[in-house]
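Comments concern the structure below.
Convention: sequence-line order gives letters A, B, ...; per-chain numbering from 1. Basis for what follows: all heavy atoms, side chains included, without hydrogens, waters or symmetry-related copies. Because the structure is predicted, anything quoted here is derived from the model rather than measured.
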Amino acid sequence: MIRADIVKLYKAIHHWIGISCGFALFIAFYAGALTMFQEPIARWASPPAVGVAAVPLDDAPRLLELVAAAHPEAREEGITLHLRGHENEPARVTWKEDVPHQAGQPHEHVHWWATLKPDGTLLAKQEEPSELAEFINRIHMRVGIPLPWGSYFMGVISLLYGVALIAGVIVLLPSLTKDFLALRVGHNLKRMWLDAHNVVGITALPFHLVIAVTATAWGFGGPLWSAQESVIFGGKQKIVMKRDFFEHYAAPRPTGEAGVMMPPAQLLLRLNDQVPDFEPKVMVFKNFGDKAAAVKFVGAERGYVGDTSFGGVILSAVTGKLIKDNIASRQDPDRRASTVFYALHTGEYGGITIRWAYFFLGFSGAWLFYSGNLLWIETRRKRARKGGEVEQSRSTRLLGSGTVGVCLGCVAGLSLTIVAAKWLHGRIADLNHWHEIIYYAVFFASIAWAFACGAARSAVHLLWLCTVATIAIPLTTLAALLFPALGMWAYGSAATIGVDVVAFIGALCFAWMAIATARRIKHGPADSIWSIRKAGPATPPHKPAAVPAE
Amino acid sequence: MAGDIRPDWWGKASAGAILGFGLALSLVGLYAYLGPGGIDAPTGRYSLMRHLEAFVWIAVFGFCFLFRSGRAAWAWLGAANLIAFAALFACRFYFFA
């Protein structure tokens, strides 16, 4: 039995970490849920490359030769041959080129794609791909704060989040058998919210623990690496890491002698002979045309946790012989464990089922922080009310406004910046930069609106904004279909249609929340921050209306 | 642990944050030396270690509020740090130098 004073102590810890970290965690979880479908979003947002006919795999050798001849610098960087024909792959062949940069500065790249013209000559073009999906991932990882401070910030948040998980479990343990899975729907609205908060938190606990540990490790990734090097390894870590890299990842160095390349179709057969369970997505040719040329297959080894991230197989591009690999089934135990941690965070196991599960777990996490904040506010209200209804304290109102503005601002901002991928394409110069501008503009405007109007009113406004911004995603695709003159595009693949369908359902959910909130602010207890009515001694204490607060 | 538990927020939280990190680093460091293959093992251990450190750090930080006071937290965790770091540096500079 856990003593009452320990429970009280940990309750305070759970509350204060929730209040101080809830905003950042909401953003990380909501954006993180979206990153489960990063690839479909990238496919949805990628414009069709103009004048690109699909190059059959049998014509790929000629295309690769032409690229290697016309763009020799691409040979070292690696020429990528795409095998799946997804919409975010502009052509059969793409590569990156280094932009001249000062020593010590991070590398910048420009992107190229290439295809064959009908007469068999090369058509190559420099074009920057949509970075929308990466932008959503950046919001997920660092809530929009630049490197490295965003990383450190999320490291602190994740560490405290782990502590809050421990605290929450300790608080719940004594009454677990009584409270667990007891969702008491009824007049006591706060009780119902607390029950729901507990059920969602406890059932998803393994997920949350993994997320907290891995996010702490990555947030403090740089400092932890340095600390390991100086305190534990004493300079040896760099050497171990380099050796690991050369043994598993690095392509052989070019010899300078010319070699005859094996055609990609044949290389795929050789891969299948030597590593039968590997499903390649792309082939990356290093040092094309050289005797020591290699091809790296990036793809998945099904049946393993972390089946896609580290599954690289390198064959000789001349003989097709296996040179090295880092596939799951042949990793050393430490690397395997590290990959498992990684993949348990990113949901890379079990295919699409787990992706959907993580998508909903991400939303449920975001909801935990939102509901946690509201619970805290409502508890404070109950405590402050002794008999009659009272005005809410300033801090409670500010917290309510902040919760509404930050959470809904993030939701609306992400939806609108996704929509912008189609509307703004070709109309402005630097679309990837505009994705950021739009997100931050909506995000900060929503926060300002929430503070200006108060939590109750602004919640309704902002939920409608979320609804409109999200329904605009499928409507944009519809507009592209109906009015080709707009210059937008609509794809027929299941993945991209899935983006529209999910956005449509999401918009319906936001609309329902907006209606429920509107009802609550009119008829709910007047001393709640969720009310637009004035609280005063004249108003008799109400039973809370039996509608969820949002 | 008998007797009352004092909140001592700052005392305990600082012990959990600072000494929890120290304990994480030193214990995981011991694994790096004493685990299979030792410190020179040609494995992806350096990558796994960050996750293990985060795990220990969170666990110590999370449970350190069970100490009776901030002073007790600093004393116990400080002693644990001393022992763990002594063992780590013994490995690094003496046994596997």
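Looking at I39(B), both its backbone and its side chain come within 4.5 Å of chain A, counting heavy atoms on both sides. Proximity to chain A is limited to the side chain of F85(B), based on heavy atoms less than 4.5 angstrom apart. Residue contact with chain A, scored on non-hydrogen atoms closer than 4.5 Å, involves the side chain of R92(B) exclusively. Looking at A212(A), the atoms closer than 4.5 Å to chain B (heavy atoms on both sides) sit in the backbone and in the side chain alike. Residue D334(A) touches chain B through both its backbone and its side chain, counting heavy-atom pairs closer than 4.5 Å. Contacts between I170(A) and chain B at a heavy-atom distance below 4.5 Å involve the side chain alone, from C-beta outward. For a residue to count as touching a neighbouring chain, one of its non-hydrogen atoms must lie under 4.5 Å from one of that chain's; by this rule A337(A) touches chain B with backbone and side chain alike. Neither the backbone nor the side chain of A17(B) comes within less than 4.5 Å of any heavy atom in chain A.
Within a 6.0 Å sphere centred on NZ of K324(A), heavy atoms belonging to other residues, nucleotides or ligands number more than 12.
Of the listed residues (W9(B), F55(B), F93(B)), the one with the most heavy-atom contacts under 4.5 Å to chain A is W9(B). The greatest number of non-hydrogen atom pairs below 4.5 Å with chain B, out of L224(A), T214(A), I232(A), is found for I232(A). Contacts with chain B were tallied for I13(A), L160(A), I6(A); I13(A) has the most, counting heavy-atom pairs under 4.5 Å. Counting heavy-atom pairs closer than 4.5 Å to chain A, the top residue among P42(B), A24(B), G16(B), G44(B) is G44(B).
At least one donor-acceptor pair under 3.5 Å links the side chain of K12(B) to the backbone N or O of F67(B).
In this structure, CD1 on I5(B) lies 6.5 Å from CG on L9(A), to the nearest 0.5 angstrom.
Ion pair D244(A)/R335(A) flagged as a salt bridge, since at least one NZ, NE, NH1 or NH2 atom sits closer than 4.0 Å to an Asp/Glu carboxylate oxygen. Using a cutoff of 4.0 Å between basic side-chain nitrogens and carboxylate oxygens, E229(A) and K238(A) are scored as salt-bridged.
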Point to revise | Pair Y33(B)-F95(B), side-chain contact (heavy atoms from CB on, under 4.5 Å): steps then yes or no | key: CA-CA 10 Å; Y33(B) 278 95; F95(B) 292 114; over 6 Å; no
Practice item. For the pair V313(A) and K296(A), evaluate side-chain contact (heavy atoms from CB on, under 4.5 Å) and give the outcome as yes or no after the intermediate values. Key: CA-CA 6 Å; V313(A) 179; K296(A) 179 169 189 166; over 6 Å; no
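Shown are F220(A), W218(A), Y342(A); of these, the ring-ring contact (aromatic ring centres under 6.0 Å, His included) with H51(B) is made only by W218(A).
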